[in-house]
Amino acid sequence: MGDKEVKEEQKGGFRASMFIFVLSALDNMGFVANMASLVLYFYGVMHFDLSNSANTLTTFLGSTFLLSLVGGFISDTYLNRLTTCLFFGSLEVLALVMLTVQAALDHLHPDSCGKSSCVKGGIAVMFYTSLYLLALGMGGVRGSLTAFGADQFDEKNPREAKALASFFNWLLLSSTLGSIIGVTGVVWVSTQKAWHWGFTIVTVASAIAFLTLALGKPFYRVKTPGQSPILKITQVIFVAFKNRKLPLPESHEELYEVYESAKLERIAHTNQMRFLDRASILQQNIEPEAWKVCSVTQVEEVKILTRMLPILASTIIMNTCLAQLQTFSVQQGNMMNLKLGSFTVPAPSIPVIPLLFMSILIPIYEFMFVPFARKITHHPSGVTPLQRVGVGLVLSFISMAVAGIVEVKRRDQGLKDPSRPISLFWLSFQYAIFGIADMFTLVGLLEFFYREAPETMKSLSTSFTYLSMSLGYFLSTVFVDVINAVTKRVTPSKQGWLHGLDLNQNNLNLFYWFLAILSCVNFFNYLYWASWYKYKADEDSNSMVNLKTLKSVDEEEKKNGKVKAKESSQTSEANTEGPSSSDETDDGRNSREWKHR
């Protein structure tokens with residue numbers, strides 16, 4: 001083996017991922033601090049009213065997650081994922097500089113006007129430019145970073161494929177640790193000292209984060225972008241429509257497939273959405289060219305993305321619930337007793353409670369739950385990604401129900417004796433439950449979309465997780481406006497549930513219970529689509545490694561532990577241990593085999 005090959009073998013694995021974990025921690029420190037506190041910045045400095053402050057934040061966050069599709073598309077098609085991260089990262093830092101400058105200079109703040117929004121003129125131009133340039137930068141990074149990190153593990157290598165599921169857990173842990181610093185230290189500086197100092201800390205941290213990512217370039221496995229996913233999808237739809245009158249062959253073996261290149265990933269045929277199979281019918285006297293016939297693999301790629309859509313749609317309501325914890329729950333906290341002894345806790349710092357839960361539970365999940373569940377389910381990851389998402393959806397429903405109960409207690413005390421509000425830490429119940437829900441759902445979705453995605457659509461598919469968040473935040477804005485409009489007409493007081501500036505005169509608890517009921521209904525919708533979904537199955541049977549092989553790999557590693565310890569500094573093999581997801585067969589049955597592609 002030559003020196004060049006040895007150097008290539010040394011790339012990737014957890015050593016390369018360390019740079020990505022640093023970026024995730026520092027970048028999320030600022031992102032989550034902004035998520036938690038910007039609603040107060042909009043309300044106190046930019047002079048939006050309560051509902052417009054909440055809607056401005058949810059629209060900003062929705063745009064951020066929606067724009068992750070742009071980053072995913074570009075990194076799959078034009079730029080590699082590392083370059084995409086660094087490009088959008090530079091936009092993010094530029095936007096943060098603009099936001100910091102506006103927060104620091106009083107003449108760039110609007111005067112209070114008593115209206116729903118007081119931002120206008122040049123102040124509005126700078127405010128919205130910086131805000132949505134920040135959304136573009138953060139969204140682009142999120143659309144490419146997760147897939148780039150997962151690329152550091154070769155799914156065709158048993159040891160590295162085993163580590164892939166662990167990577168998603170550690171990525172969440174790194175972002176959680178950064179978020180803890182964000183919602184405590186950064187939020188305290190912003191709300192108790194000055195907003196521009198908080199933004200300055202976030203700007204510097206983000207700049208260091210992307211510089212760290214760039215420094216890790218010698219250690220990365222960088223995949224070159226391929227053909228446009230949108231073009232491939234369009235081709236399948238076009239050819240299938242053109243061949244819509246052709247009869248389907250009796251056997252899928254008669255459909256067109258490409259076998260020449262061993263580098264191309266081949267996906268086995270499935271019987272769902274058979275109408276798309278017409279795109280793979282090669283008619284007589286027609287050369288196999290693009291726009292005339294598509295391979296079975298190309299058609300199955302479109303089927304996979306189509307099967308993912310109901311799963312994506314079923315998680316939107318949960319993200320609508322998440323939006324409330326970053327808007328109305330923060331406003332609730334601002335009207336509660338913020339004292340912890342002699343220390344005043346900023347209301348936006350309350351999300352530290354679920355983050356602390358997550359920082360403890362993620363290692364427990366990785367080292368204790370997965371090995372235990374693996375013995376029961378015979379599944380290498382303990383539970384499938386879709387089962388993990390389902391647990392999160394149940395917990396989100398419970399969180400909203402609890403939030404409504406806590407709001408009743410807070411409002412009753414506020415009306416009875418405003419000078420003695422209940423403690424801020426009553427909000428910890430809803431935050432803690434939802435934090436655990438987020439731990440299950442977020443990692444489950446990231447792993448699901450990455451593993452199931454076709455090789456050329458990894459970034460775009462992973463961005464579906466953030467698309468769900470985006471639609472959830474936008475839906476929150478719609479719900480607030482619609483609920484206000486409808487309840488204004490039907491309530492005896494002729495005032496909406498969420499009107500005005502005083503939460504004590506609102507019915508926020510009814511809004512929370514509305515979301516709880518909706519989440520419960522949505523869970524049963526999710527169960528239907530999750531049971532309908534068929535996991536991707538590779539055609540190459542040699543890529544199937546069952547649980548016995550997995551155990552033999554573990555035993556060999558233990559037997560040669562000392563040797564591996566010495567080699568760990570030279571290769572990435574000893575750094576890639578952890579669970580991975582399994583797939584299902586073409587018939588949709590759960591497979592007890594561990595597949596790597």
Side-chain angles (χ1 to χ4, degrees), residues 34-36 38-39 42-43 46 48-69 115-117 119 128 131-132 135-136 138-139 309-332 393 396-397 399-401 403-404 407 430 434 437-438 441 445 463-491 494-501 503 506-526 529:
N34 286 338
M35 288 173 67
L38 274 181
V39 69
F42 297 154
Y43 178 71
M46 291 299 166
F48 291 89
D49 68 7
L50 280 175
S51 60
N52 267 282
S53 297
N55 284 349
T56 301
L57 179 59
T58 53
T59 302
F60 161 69
L61 294 174
S63 300
T64 299
F65 294 127
L66 182 63
L67 289 168
S68 67
L69 292 174
K115 298 180 181 179
S116 61
S117 174
V119 177
Y128 287 111
L131 202 61
Y132 288 99
L136 177 61
M138 287 182 165
L309 294 180
I311 302 296
L312 182 154
S314 299
T315 59
I316 293 174
I317 296 297
M318 176 180 174
N319 288 302
T320 300
C321 298
L322 175 62
Q324 312 320 311
L325 300 186
Q326 288 144 9
T327 53
F328 288 117
S329 291
V330 174
Q331 292 168 343
Q332 282 178 279
L393 293 181
S396 69
F397 148 66
S399 175
M400 284 296 99
E407 169 58 12
Q430 64 211 54
F434 203 95
D438 200 36
T441 303
L445 285 176
S463 299
F464 284 175
T465 303
Y466 302 109
L467 175 60
S468 171
M469 292 183 178
S470 170
L471 296 175
Y473 281 102
F474 285 132
L475 189 60
S476 173
T477 303
V478 172
F479 276 166
V480 169
D481 290 339
V482 171
I483 289 292
N484 260 340
V486 172
T487 55
K488 186 176 182 179
R489 295 180 181 180
V490 300
T491 55
K494 298 302 178 184
Q495 292 181 328
W497 283 356
L498 306 169
H499 75 284
L501 300 174
L503 275 181
N506 286 342
N507 290 286
L508 181 59
N509 59 302
L510 298 180
F511 182 57
Y512 282 150
W513 288 334
F514 166 75
L515 290 177
I517 294 170
L518 205 59
S519 298
C520 185
V521 174
N522 177 68
F523 172 69
F524 290 103
N525 172 64
Y526 171 80
W529 291 112

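Please read all numbers here as calculations on a predicted model, not as lab measurements. In what follows, every heavy atom counts, from backbone to side chain, and hydrogens, waters and symmetry copies are set aside.
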Report the C-alpha distance between Asn507 and Phe514 in whole Å, list the side-chain angles of each, state the deciding distance to 0.1 Å, and finish with yes or no for side chain to side chain contact (heavy atoms under 4.5 Å, CB included). CA-CA 11 Å; Asn507 290 286; Phe514 166 75; over 6 Å; no
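- In summary, the aromatic rings of Phe60 and Tyr473 are positioned with their centroids too far apart to meet the 6.0 Å limit.
- Contact annotation: the side chain of Ser314 never approaches that of Phe523 to less than 4.5 Å [non-hydrogen atoms, C-beta and beyond].
- Scanning all heavy atoms of the two residues, the minimum distance from Ala401 to Ala516 falls at N-CB, 3.8 Å.
- When side chains are defined from C-beta on, Phe464 does not count as touching Ile311, because their heavy atoms never get closer than 4.5 Å.
- Under the 4.5 Å side-chain criterion, counting only non-hydrogen atoms from C-beta, Tyr132 is not in contact with Thr64.
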Run the numbers on Leu471 and Asn319 for side chain to side chain contact (heavy atoms under 4.5 Å, CB included), then give the verdict. CA-CA 8 Å; Leu471 296 175; Asn319 288 302; over 6 Å; no
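- Within the 4.5 Å cutoff, no side-chain heavy atoms of Leu508 are placed close to those of Trp513.
- Contact record, Thr487 with Ile483: OG1-O, 2.5 Å, taken as the closest heavy-atom pair.
- Annotation: the span from Cys321 atom SG to Leu518 atom CG amounts to 7.5 Å, rounded to 0.5 Å.
- To the nearest 0.5 angstrom, Leu322 atom CG is 6.0 Å from Asp438 atom CG.
- Remark: of the listed residues Thr58, Thr59, Leu57, Leu57 is the sole one forming a side chain to side chain contact (heavy atoms under 4.5 Å, CB included) with Leu61.
- In this structure, Ser519 and Leu393 have side chains that are not in contact, with every pair of non-hydrogen atoms separated by 4.5 Å or more.
- Distance OG1/Thr320 to CG/Leu475: 4.0 Å, rounded to 0.5 Å.
- Across all their heavy atoms, Ser470 and Leu66 have their closest contact at OG-CB, 3.0 Å.
- Here the closest non-hydrogen pair linking Ile316 and Ser468 is N-OG, 3.7 Å.
- Considering OG1 of Thr56 and CE of Met46, their distance stands at 11.0 Å, rounded to 0.5 Å.
- At least one side-chain heavy atom of Thr477 sits less than 4.5 Å from a side-chain heavy atom of Asp481.
- Looking at residues two or more places apart in sequence or on another chain, you find a side chain to side chain donor-acceptor pair (under 3.5 Å) between Ser476 and Gln324.
- Within the 4.5 Å cutoff, the side chain of Val521 has no heavy atoms near those of the Ile317 side chain.
- Of all heavy-atom pairs between Ser396 and Met318, the closest is CB-CG, 3.8 Å.
- With sequence neighbours excluded, the residues forming a side chain to side chain donor-acceptor pair (under 3.5 Å) with Glu407 are Gln332, Arg410, listed by chain and number.
- Remark: Tyr466 pairs with Phe65, Ser68, Arg142, Thr146, Leu446, Met469 by the side-chain contact (heavy atoms from CB on, under 4.5 Å) rule, at least two apart or across chains.
- Between Phe48 and Val119, some side-chain heavy-atom pair lies under the 4.5 Å cut-off.
- For the residue pair Asn525/Trp529, the side-chain donor-acceptor check at 3.5 Å is satisfied.
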